[in-house]
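Working notes for the structure below.
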Amino acid sequence: MPGATRRGVAALLLILLMAGCESNREQDERQVRRQFHVPDEVRLDTLRGSPETGGWFGREGLRIRAVFQFSEAQFAAYLRSLHDPKVWEPVSFLHYSPDGAEEVSADALRWRRLPLPEFPRPLAHLRGLFDTSITEGWYYCSLVLYLRGDSIVHPGGGYHFEWSTIGRHGTESTDDTHPVITTFGILDTKRRRLYAWIGFSG
């Protein structure tokens, strides 16, 4: 085996080994930091993933809740990036299928000023996830949804539908919306804290 090939195989095995050694807690933290673009140096205050362990189908219906505490300098930098489209681009989700949306609407990844709006019924629970007294700051609510496309007829009879995924902001949803992935956050500008939540359908 050529030396370059051996090194490539060794590197691949190392990556697989490292991925296998990562705990669920580490995966959850990495998931949240990726989706909310939180630098590693920002302190993680609390983190909870439920269920903590997986069953036959993995951690079905996973809910991740995290709180980050920024220093003054870190928070100023984060605020400067809050509306930068080069920062707030779609980032794939880890260990989940679909791992994101094939298309996103113009508002799907935008932060909006508090207070929270009256979300449609399927998202009403988001209002109670965090401290409702937080009024100074911003909120983020990005959804990944399945969209049903054309029907495809099978040669032997019957048919099935083509499906695609789209990213939308929570305010673009309706009472008929059933998100596959919901990414929700509140940025408290008074306390310099980010309250983050990611929910995957079961």
Side-chain angles (χ1 to χ4, degrees), residues 15-82 87-101 108-112 114 116 119 123-144 167 169-170 179-202:
I15 291 170
L16 292 173
L17 180 63
M18 290 174 64
C21 292
E22 190 177 42
S23 69
N24 285 341
R25 181 179 174 81
E26 290 168 332
Q27 289 177 7
D28 291 349
E29 180 179 348
R30 190 154 65 97
Q31 187 91 272
V32 177
R33 285 189 185 273
R34 281 167 56 88
Q35 294 303 320
F36 285 93
H37 306 283
V38 179
D40 290 340
E41 59 268 22
V42 175
R43 190 182 86 217
L44 174 65
D45 221 21
T46 60
L47 176 71
R48 183 181 178 192
S50 178
E52 294 181 2
T53 58
W56 285 106
F57 300 101
R59 298 169 74 196
E60 198 171 7
L62 176 63
R63 304 289 186 265
I64 305 171
R65 178 188 174 103
V67 181
F68 295 93
Q69 179 65 60
F70 293 78
S71 69
E72 191 170 342
Q74 290 168 345
F75 196 68
Y78 194 76
L79 278 179
R80 284 196 297 271
S81 74
L82 210 61
V87 174
W88 294 91
E89 293 181 334
V91 177
S92 61
F93 289 88
L94 303 170
H95 317 293
Y96 194 79
S97 180
D99 65 357
L109 307 177
R110 286 188 182 172
W111 286 84
R112 297 190 177 188
L114 291 172
L116 293 176
F119 287 118
L123 302 178
H125 67 284
L126 297 178
R127 295 182 62 86
L129 285 177
F130 302 119
D131 185 354
T132 55
S133 68
I134 301 172
T135 57
E136 296 180 28
W138 304 81
Y139 78 93
Y140 180 88
C141 186
S142 183
L143 313 176
V144 175
H169 193 273
V180 183
I181 308 173
T182 303
T183 305
F184 176 72
I186 290 179
L187 190 63
D188 184 346
T189 54
K190 187 174 182 180
R191 299 177 182 86
R192 302 195 306 271
R193 292 168 74 83
L194 169 63
Y195 300 83
W197 187 88
I198 303 176
F200 299 89
S201 65

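To the nearest 0.5 Å, atoms CZ (R191) and CD (Q69) are separated by 10.0 Å. Taking CZ of R48 as the start and CD1 of I64 as the end, the distance is 12.5 Å to the nearest 0.5 Å. Between H125 atom NE2 and T182 atom OG1 the span is 6.0 Å, to the nearest 0.5 Å. For the atom pair CG of L187 and CG of L194, the computed distance is 6.0 Å after rounding to the nearest 0.5 Å.
With sequence neighbours excluded, the residues forming a ring-ring contact (aromatic ring centres under 6.0 Å, His included) with F70 are F75, Y78, listed by chain and number. By the side chain to side chain contact (heavy atoms under 4.5 Å, CB included) test, P39 is found to be paired with E41, V42, residues two or more places apart in sequence or in another chain being considered. Remark: Y140 engages F36, W88, W111 in a ring-ring contact (aromatic ring centres under 6.0 Å, His included) (not counting sequence neighbours).
Closest approach of V32 and A66 over heavy atoms only: CG1-CB, 4.1 Å. Minimum heavy-atom separation, E22 to H95: OE1-NE2, 4.3 Å. Considering all non-hydrogen atoms of both residues, R43 and D45 come closest at NH2-OD1, 3.1 Å. Listed here is the closest heavy atom pair of Y96 and S201: OH-OG, 3.0 Å. Across P90 and L109, no two heavy atoms sit closer than the pair N-CD1, 3.4 Å. Nearest heavy-atom pair, R193 versus V67, reported as atom, atom and distance to 0.1 Å: NH2-CG1, 3.2 Å.
Using a 4.5 Å cut-off on side-chain heavy atoms (C-beta onward), R25 and L47 make contact. Taking 4.5 Å as the limit, every side-chain heavy atom of D131 sits out of range of all side-chain heavy atoms of I186. In this structure the side chain of R65 reaches within 4.5 angstrom of the side chain of F130, judged on heavy atoms. Between L123 and P179, some side-chain heavy-atom pair lies under the 4.5 Å cut-off. When side chains are defined from C-beta on, L114 does not count as touching T189, because their heavy atoms never get closer than 4.5 Å. The shortest side-chain heavy-atom distance between L44 and V38 does not fall under the 4.5 Å cut-off.
For the residue pair T46 and Y195, no side-chain donor N or O sits within less than 3.5 Å of a side-chain acceptor on the partner.
Other residues, nucleotides and ligands contribute over 12 non-hydrogen atoms within 6.0 Å of the CZ atom of R34.
Aromatic ring orientation, F184 versus Y139: tilted (interplanar angle from 30° to 60°).
A donor-acceptor pair under 3.5 Å is absent between the side-chain atoms of T183 and the main chain of I198, judged by distance alone.
The side chain to side chain donor-acceptor pair (under 3.5 Å) with R33 is formed by just one residue from the set Q35, Q31, E29; it is E29.
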